[in-house]
Amino acid sequence: MTNEDNGERNGNDFADHVYQPAEDSALLADAACEGIDAGQRVLDVGTGSGYVAARAAETGARVVGSDFNPHACQQARENDVEVVRTDLVSGFAECVFDVVTFNPPYLPTKPEERSDDWMERALSGGETGRAVVTPFVDAVSRVLRSGGVVFVLVSSLTGLDEVEARARKAGFETEEVAEESHFFERLVVLKLVAAGDPDRPRPP
Amino acid sequence: MNESLLEIVCCPLDKHDLDLEVIQRTDEEIAEGRLVCTECGEEYPIEDGIPNLLPPDMRDG
């Protein structure tokens, strides 16, 4: 078996268990890369295949990916992303990242539609669509350095207003920095900056 | 994992620093080992170069 065959076989295996890059991944990566400088430390939460992390690393930043899903950790690693298996930001120390990116599971899912496989977990945001993004928004400020920023992808299916309100409650100011409309949803990249930081978004 | 990762990880339970115990090191990284919490003593495995910082009750699967 050649390496190529091996890679393809692994790729197919991963595709069953790991969310593969799509429009939302590209929108998040494009927006985040605009806000990342060489040498900065970046965390890509829920890195999945490692696509956003690898794009961020192209800026010259020092990037780490994290994922709950062991298959995702393996695929990200094969894509040369340094990876940690952990739940959201729980295994990271205080005040260590300049930028945190996250493309969360966000599809609203009824309990009876739920299964317990890794792909479903990568897609489902519970009944509201916010079951994962909410604890992330609540927890992320602990790992951010002063002046640090968060780029998080939010779909109109998830409730943009609700996510922004939660972020404000967690001490952030919010700004839409990218958006793209698709057939059944509008995708938005929200930038979160700690309220009181000098480079916070100005009120309109 | 690269040793430099130690600066940015912590125990997911009590957020204290972790000590590194190397079992197998390659030219580039630590392939197998353990991260041990300096406070509570909980051990987190490093397997195939990937540190697993899930609390013990979330580690299955």
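Only a predicted model underlies this, so the values are computations on that prediction, with no experimental measurement involved.
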Which members of residues 44-53 of chain B, sorted by number, sit under 4.5 angstrom from chain A on a heavy-atom basis?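 Within residues 44-53 of chain B, the residues under 4.5 Å from chain A are B:D48, B:G49, B:I50, B:P51, B:N52, B:L53.
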Quick one: which residues of residues 18-31 of chain B reach chain A at under 4.5 angstrom, heavy atoms only?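 Heavy-atom contacts from residues 18-31 of chain B to chain A are B:E29.
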Does A:R41 reach the side chain of B:E7, with side-chain heavy atoms less than 4.5 Å apart?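 Result yes, sub-4.5 Å side-chain heavy-atom pair found.
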Using heavy-atom distances under 4.5 Å, tell me whether B:L5 contacts chain A through its side chain, its backbone, both, or neither.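 The answer is the side chain of B:L5.
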Select, from B:V9, B:I8, B:D17, the one with the greatest count of heavy-atom pairs under 4.5 Å involving chain A.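 Ranked by heavy-atom pairs under 4.5 Å with chain A, first place is B:I8.
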Determine the minimum heavy-atom distance between A:S90 and B:C10, stating which atoms define it.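 Taking every non-hydrogen atom into account, O-SG, 3.9 Å.
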NZ on B:K15 to CZ on A:F92, rounded to 0.5 Å: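 Separation between the atoms: 10.5 Å.
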Contact origin within A:V83 toward chain B - heavy atom pairs under 4.5 Å: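 Backbone plus side chain of A:V83, per the 4.5 Å heavy-atom cut-off to chain B.
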Is A:R62 in contact with chain B via its backbone, its side chain, both, or neither, using a 4.5 Å heavy-atom distance?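 A:R62 has no heavy atom closer than 4.5 Å to chain B.
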Is it true that a side-chain atom of A:E82 and a backbone atom of B:N2 form a donor plus acceptor pair closer than 3.5 Å?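 Yes, because the side chain of A:E82 sits within donor-acceptor range (under 3.5 Å) of the backbone of B:N2.
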